[in-house]
Structures are given as C-alpha cells and as structure tokens.
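Data block below; observations after.
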Amino acid sequence: MRKKIAIIGAGTAGLYTALAFDETLDKEKYEFIVYERMSNVGGLWNFTENVGIDSLDGLPVHGPMYKNLMTNGPNELGELYFTDLFKEDEQGYVNQEQYIKSFVQLAEQYNLYKYIKCHHYIRMVKKLAKGFHLEILNTVTKETLSENFDFVIVAAGRYTIPKWPNAETELLKKFSGECFHSKDIKDTNKYNDKRVLCIGSGFSALDIGLLLHKGGAPLVTINGKPGLVTDNCTYSWEDNFKMVMNPVKSVNGKRITFEDGSSDEFDCVIVCTGFLCEFPFLENRLQPVNNNSIFPHLYEAIFDINHPELMFVGVFYTFLPKIFAYIQGHFIRSILNDDMKNLPSKNQMEEAIQTWYTQIPKGSNLDPFLQFHYDYYYKLQEACPRKVFDRRYEKLLIYNLELLLAGTHLEKMDKGLKDFD
C-alpha cells in the first residue's frame, strides 16, 4: 500500500512542491493530495474585499492581499524555466491579477489540478502514534472529513496572524484616527487623501508608503528601526514623504510625537510589522516556533526534528519564493524516495541547526545576508533534476534589490536574465 502525503496549501509553496513531486516522486511508494481552502490555486495571492471574516466561507481571512499590490521581485526571479507562462507585457514587476494567473497557468500546463482539492480547509492536524490525523472542512458542503496521512507538508505560508509591536500597541489605543494592521488594507487608493503613518522596518511599510505617496497622499511617514531594509534604503525622501527612525513616544488625539521630539498629525496609522510564524491548525506540540523563530526545531528549515514526518515549505524568508519552494520540494522528494534513510539522526540534526545559527549574518550588510541564502539554495539544489539557480540569478537578485531599496521598482525593469549571462 502506498504511503499518503498531505500538502496543506496550493499557493507558492504548495504548488511548486506538487510540481517537484509530480516530476520525480516515486509514485509506487507514495500518493499525495494538495488541500487548498480557496476556490482556485494561488493561496494568499487570492484577493478578497473582506476584512476579518471571509463572507464566502465564514472563516478568518487568510492572507494580506490588497488590490494594487505589486510583486517586489521580477517574474524572471520566480518562474524558473517557466518564463514562457508570461506574455511580454507581463515581464518585470506585475500586479496581483497578473501574478495569480501564473499559478493557474502553471497548474494547467503541468496538469497539477489532478492532485488539488480546492474548497478544503484544514481544521486540525493531530499527531498519531504513527502518522497524522487531519480534520478537513469542505467549505462548500460544510461537511467535515477525517483522513489519516503518513506525512504532512505545511505549505500554507506565514502571513496569516498579524504581529503587533508591544510598545506602540498600547500607545496607539489613544489614537483618535483609524489604526489597523497591514493585513487589513484592501485598496491603498482609499487613503490617497489621508495623512498616513506606516509603522514597520520591512518592505511592507516601504511598499505601502510608496504607493500612497505616488497616489497623492498629503503626508506619508515611515516609522522604522535600524535593520537590513531601512539601513540600505535609498529612497528619495521629501518633506511629505519621510522616514523617522525614532520610536513613538506619545499619542494625543491625531498627533503622534516621536522620541526625537518631532511630531505630526495623522489621519491613519497602518501597522506593517509582519506576522507571527504560527499555524492555527497544528496542535501545540507540532508548532515549529520558539519565540517566533523557526530555526530551533527545523532541520534545513524543513523537517521537524521531533516529528520528521512533518515538514514545512516556504517558512524560511526568501527573495525567491517559487525557486525556493521548488528546491525544497525536490529535497523532500529525495529524502522520501530513499525512505527517510538519508535523514540524519536527531542529535545530528540538532547540531546542524546550531551550526546554522552561528552562520546567520548579523548587522545590516547585504552581502553576507545574500551569501547565506545563496549557500542554502546551492546546497538543496543538488537534489533537483535540473539546476534552477545560478550566478545569473544572483546578479539579477542584486539588481532587483537595488531597485527595491531605491523605490524605483514600480517602474518597468530594463534588465533581465539575458543581461547577466
């Protein structure tokens, strides 16, 4: 009897893992099913107008998608050898509608729908003495199904549960304007006439702030902290578009004062401080986090060292999510095809994780940060039947980051892979 694998999610991580499995998984040993809550593939890239609860299925809204979101990486960085899926006018940076089409086209072109069950929401994953028990809700019929699997691959992303800053959250309760997490913004154009404060030090704060500024917002302030993104940011700041690197000190009505004494009045505060790496459908002992860090328990950022039959794809932050998921999928496939015999012992995996910790770059220098990622890609890529990451991608990624950090990535790119041969 073949062993059963459940893949949770048919977005970037799940779909590209399914592609890797379709290519080279030993089908005589294994069968796999991909469960996707939405009506089609694409995961969090599926857009809904709803905030909080999705009116279509009555469940909490899964992803942080908004109408005019643009990808912050060109398609050539994500489509591997599938670049023919995009037309000429869809190269470079594309919007949500264009990007979601790439998932549908991939699933159709490579006949992946035969593995996917849409409208299926995972309520709970429980560890059994051997394998896992899944409770699955059919969001159309409202029927709850029960299935047992030998392996579970979590590919549901880590952008569901908002992370709020501890210090600012209490102060912002005194704010008399509108205040919400970036997960709940659905159309930045609705705030183009507002004075907006974006709290955050990553690309979400910069992306939303830049869209608002380009949309004509009278004042946009990014309130960040020193870090990899903010320290390397080369935006052309203006009087009405600026970055303040001091924490919020006090709030009085709509006036917000920062630690350096500067202050402004705002109509809206958007908290862009990311998401918790938690999975509500996993029972507590299966959660892979420790103080919101995924590394203490995941070998190669994939295998739960306490329950190696539980795997995660796409939880390690990367600039190349599609390439990353495809590489991770093939690495998992290589372990499965060999009946898990090539997986190190628990002690060896713990030692490898500790070594990983010592190699994580400190500070805000981009070069060691990128090299850390390159080393990971090349190592896991050895399991792939074809090489999908090389020096051209390294160079294009650096070029992409230069555009992102300068805030010019919303303009059409003038370089592609062919320029880095």
Side-chain angles (χ1 to χ4, degrees), residues 1-48 54-63 65 100-128 131-160 279-283 286 309-315 321-322 325-326 328-329 332-333 336:
M1 180 181 292
R2 294 188 296 173
K3 293 185 176 181
K4 296 170 60 179
I5 305 169
I7 300 176
I8 301 175
T12 302
L15 200 59
Y16 279 82
T17 298
L19 176 62
F21 280 14
D22 179 69
E23 290 179 339
T24 54
L25 185 69
D26 189 337
K27 308 300 193 306
E28 293 184 359
K29 293 182 179 179
Y30 302 100
E31 59 179 305
F32 68 95
I33 300 173
V34 184
Y35 290 106
E36 170 57 46
R37 167 189 164 178
M38 307 304 287
S39 61
N40 208 336
V41 297
L44 63 84
W45 283 91
N46 284 286
F47 174 75
T48 174
D54 195 325
S55 61
L56 294 178
D57 57 21
L59 297 168
V61 171
H62 175 62
M65 193 54 50
I100 199 72
K101 286 196 301 184
S102 72
F103 294 102
V104 175
Q105 291 169 328
L106 182 78
E108 290 176 345
Q109 183 168 326
Y110 293 90
N111 195 24
L112 299 180
Y113 278 113
K114 62 186 177 184
Y115 304 114
I116 301 169
K117 289 188 176 182
C118 291
H119 294 295
H120 282 73
Y121 173 73
I122 306 301
R123 283 189 180 278
M124 178 62 72
V125 177
K126 296 180 179 179
K127 183 72 179 74
L128 303 175
F132 302 87
H133 178 75
L134 273 64
E135 294 179 8
I136 309 157
L137 173 67
N138 184 316
T139 60
V140 176
T141 67
K142 304 304 179 183
E143 178 186 6
T144 297
L145 312 172
S146 295
E147 295 278 350
N148 290 345
F149 289 86
D150 300 284
F151 302 91
V152 170
I153 298 174
V154 178
R158 51 180 299 183
Y159 302 100
T160 299
F279 302 91
F281 51 83
L282 292 179
E283 60 177 329
L286 300 181
E309 299 84 7
L310 175 64
M311 292 153 266
F312 296 80
V313 173
V315 292
K322 293 183 177 181
Y326 181 76
Q328 285 192 320
I332 293 171
R333 180 270 312 157
L336 290 173

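- Checked against side-chain contact (heavy atoms from CB on, under 4.5 Å), Ser146 has the following partners two or more places apart in sequence or in another chain: His133.
- In this pair, Phe279 and Phe312 present their aromatic rings tilted. The plane angle is within the 30 to 60° band.
- Within the 4.5 Å cutoff, the side chain of Ile5 has heavy atoms near those of the Leu25 side chain.
- Residues Ala325 and Ala13 share a closest heavy-atom pair of CB-CA, 3.7 Å.
- Of the possible polar contacts, none joining the Thr12 side chain to the Lys322 backbone as a donor-acceptor pair under 3.5 Å is found.
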Return a table of donor-acceptor pairs under 3.5 angstrom between the side chains of residues 35-45 and protein atoms on other chains or two or more places apart.
from	atom 1	to	atom 2	distance (Å)
Glu36	OE1	Ala10	N	2.7
Glu36	OE2	Met38	N	2.9
Arg37	NE	Asp57	OD2	2.9
Arg37	NH1	Pro60	O	2.6
Arg37	NH2	Asp57	OD1	3.2
Arg37	NH2	Asp57	OD2	3.3
Arg37	NH2	Leu59	O	3.4
Arg37	NH2	Pro60	O	2.9
Asn40	OD1	Tyr113	OH	2.6

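- Nearest heavy atoms, Ala155 versus Gly14: CB-N, 3.4 Å.
- Put simply, the side chain of Leu15 reaches to within 4.5 Å of the side chain of Ile116, judged on heavy atoms.
- Atom CG in Asp150 sits 9.5 Å away from atom CZ in Phe132 (nearest 0.5 Å).
- For the residue pair Asp22 / Tyr115, a side-chain donor-acceptor distance below 3.5 Å is found, with atom types taken as modelled.
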| request: Evaluate the side chain to side chain contact (heavy atoms under 4.5 Å, CB included) criterion for residues Ile332 and Phe21: first the C-alpha distance (whole Å), next the side-chain angles of each, then the deciding distance (0.1 Å), finally the verdict. | output: CA-CA 9 Å; Ile332 293 171; Phe21 280 14; 3.8 Å; yes
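- Residues meeting the salt bridge (charged side-chain N to carboxylate O under 4.0 Å, His left out) test with Lys117, sequence neighbours left out: none.
- In this structure, CG in Leu336 is found 6.5 Å from CD1 in Ile153, a value given to the nearest 0.5 Å.
- Rounding to the nearest 0.5 angstrom, the gap separating the CD atom in Glu135 from the CZ atom in Arg123 is 8.0 Å.
- Annotation: salt bridge (charged side-chain N to carboxylate O under 4.0 Å, His left out) contacts of Glu108 (sequence neighbours excluded): none.
- Residues meeting the side-chain contact (heavy atoms from CB on, under 4.5 Å) test with Glu28, sequence neighbours left out: Asp26.
- Proximity of Tyr326 to Glu23: side-chain heavy atoms (C-beta onward) are separated by under 4.5 Å at one or more points.
- Here CD of Gln109 is found 8.0 Å from CD of Gln105. Values are rounded to the nearest 0.5 Å.
- Here the straight-line distance linking atom CZ of Phe281 with atom OH of Tyr121 works out to 8.5 Å at 0.5 Å rounding.
- Taking 4.5 Å as the limit, some side-chain heavy atom of Val125 sits within range of a side-chain heavy atom of Ile8.
- Qualifying side-chain contact (heavy atoms from CB on, under 4.5 Å) partners for Glu31, counting only residues two or more places apart in sequence or in other chains: Arg2, Lys4.
- Considering NZ of Lys127 and CD of Glu309, their distance stands at 5.5 Å, rounded to 0.5 Å.
- Taking each heavy atom of Met65 and Asn46 in turn, the nearest pair found is CB-O, 4.1 Å.
- You'll find the side chain of His120 reaches within 4.5 Å of the side chain of Asn138, heavy atoms only.
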